[in-house]
Protein chains: 2
Amino acid sequence: MEERLADRLQQIKKLLHAEQLKLTPQREATLRVLLENQEAHLSAEEVFMLVKHKAPDIGLATVYRTLELLVDLRIIEKLNFGDGVARYEFRERDQPHHHHHLICLDCGKVSEIEDLLGDLERSIETRHRFRIVDHRVSFLGYCRECQEKTKTEGTALPSVAKDR
Amino acid sequence: MEERLADRLQQIKKLLHAEQLKLTPQREATLRVLLENQEAHLSAEEVFMLVKHKAPDIGLATVYRTLELLVDLRIIEKLNFGDGVARYEFRERDQPHHHHHLICLDCGKVSEIEDLLGDLERSIETRHRFRIVDHRVSFLGYCRECQEKTKTEGTALPSVAKDR
DNA sequence: ATAGATGCAAAGCGTTTGCAGGCCT
DNA sequence: AGGCCTGCAAACGCTTTGCATCTAT
């Protein structure tokens, strides 16, 4: 896993250079944090705090600018789980469609499942003459652990989760 | 259509009264705007501007409070298209799952298609032991009109749309 | 010298909240 | 009186931007 990280950084360095952009220490630190927390769906603020450990002098604005840059370069993806903060994750290589998210309304955990919409998209494209280039899919519900927790607590039907 | 609107308002009045809440002129004006623009996916600011015509003295905070109230009562639904503003639309009666949205990356138009995820959800529920209570699905792409516009302009492949 | 990149602080934007009244039994 | 409701303005939280400075060609 160690060399894969270094490899990926080299690839990205080339991508940046192709656009006359630099892989500065701040950008590298930000990328390392993102690479080391692939499944974490970090917010900008969370990335910032983690990067501070590696590069204490970095500013929040730089993190925001770096994240925006990486989104534009399609290296990472900006996610929106409706909780008022943008979250970021690495894009799969050359994969236009990301996976789907299962969002637990109780504990807030977000897990991922593979993309299941291929056939559906094709039928939508023909029926609505709408050319689909991407989709955003989230399923809201209760994860296994929270279902069991609720059972043992003997609580009745879980109330509707608040928006924030 | 006229009487259906009045009917719906009476229903909602009862719902409010059941919670010791009142259907004030401001709330009624807000509801009328929402009822008269069912497919429009209005933002709070847009609702506010439309309500101002009917009730010029209303404050933005009241609109926000009314919208929040209606969301809590499950009369309307808060939508998030990732453009940085919350949008609102009426809930279908007793229908837990809303429809899906086709979002055009060129002109920004949002159209609706019926819910197509029933089977998919059941298979996810068993395979991941995740109890699904709702989902959010948006397809991003190019609508029929924008596809044709692009063709006649002779422009090459449309560039990736900016996030905002 | 030139162009990109940075940190800081200030501004921006949508949304929420505190508060002093207002309305309606 | 009491509760709900309102408008206004201020506050809020996340994000963006202006600017002077720095770095590496």
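Lettering of chains follows the sequences in order, A, B, ..., and the numbering in each one begins at 1. The basis for the numbers below is simple: all heavy atoms, side chains too, and nothing from hydrogens, waters or symmetry mates. Keep in mind the model is a prediction, meaning the values are calculated, not measured.
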Verify the contact: side-chain N or O of B:Tyr64 to OP1 or OP2 of C:dT16, cut-off strictly under 4.0 Å; return yes or no.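 For C:dT16, OP1/OP2 do not have a side-chain N/O of B:Tyr64 under 4.0 Å.
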Atom of A:His100, atom of A:Phe139 and distance for their closest heavy-atom approach: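 It is ND1-CE1, 4.2 Å.
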Test of understanding: clusters of I, L, V, M, F, W, Y form through side-chain heavy atoms closer than 4.5 Å, transitively. Do B:Ile113 and A:Leu120 belong to the same one?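 Per the 4.5 Å side-chain linkage, B:Ile113 and A:Leu120 are co-clustered.
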Criterion side chain to side chain contact (heavy atoms under 4.5 Å, CB included) against A:Phe90, the qualifying member of A:Leu70, A:Leu35, A:Asn37: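 Output: one option passes, namely A:Leu35.
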Nearest-Å distance, [atom1] ([X]) to [atom2] ([N])?
| X | N | atom1 | atom2 | answer |
| --- | --- | --- | --- | --- |
| B:Lys13 | D:dC5 | NZ | P | 13 Å |
| B:Leu67 | C:dT17 | CG | P | 15 Å |
| A:Asn80 | D:dC14 | CG | C1' | 12 Å |
| A:Lys78 | D:dT16 | NZ | C1' | 10 Å |
| A:Leu73 | C:dG4 | CG | P | 14 Å |
| B:Glu28 | D:dC5 | CD | P | 15 Å |

Do the side chains of B:Glu114 and A:Arg127 get close enough for a salt bridge, i.e. N-O under 4.0 angstrom?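 Yes, this pair counts.
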Between B:Lys54 and B:Glu28, does any NZ, NE, NH1 or NH2 come within less than 4.0 Å of an OD or OE carboxylate oxygen?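 The answer is no: the pair does not qualify as a salt bridge.
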Could you give me the CA-CA distance, side-chain angles and deciding distance for B:Thr66 and B:Gln26, then say whether side chain to side chain contact (heavy atoms under 4.5 Å, CB included) is met? CA-CA 8 Å; B:Thr66 301; B:Gln26 291 91 332; 5.6 Å; no
Per-nucleotide protein contact string for nucleotides 5-12 of chain C, where B marks a base within reach and S marks sugar-phosphate only (heavy atoms under 4.0 Å, - for neither): SSBB----
Quick one about B:Gln147 and B:Arg144 (side-chain donor to acceptor, distance below 3.5 Å, no hydrogens or angles considered), yes or no?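 Checked: B:Arg144/B:Gln147 side chains show no N/O donor-acceptor pair below 3.5 Å.
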For DNA chain C, which residues of residues 41-49 of chain A approach it to below 4.0 angstrom with any heavy atom?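 Hits under 4.0 Å, by residue number: none.
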Could you tell me the separation between the CD1 atom of A:Ile12 and the CG atom of A:Asp7, rounded to the nearest 0.5 Å?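 The CD1 atom of A:Ile12 sits 11.0 Å away from the CG atom of A:Asp7.
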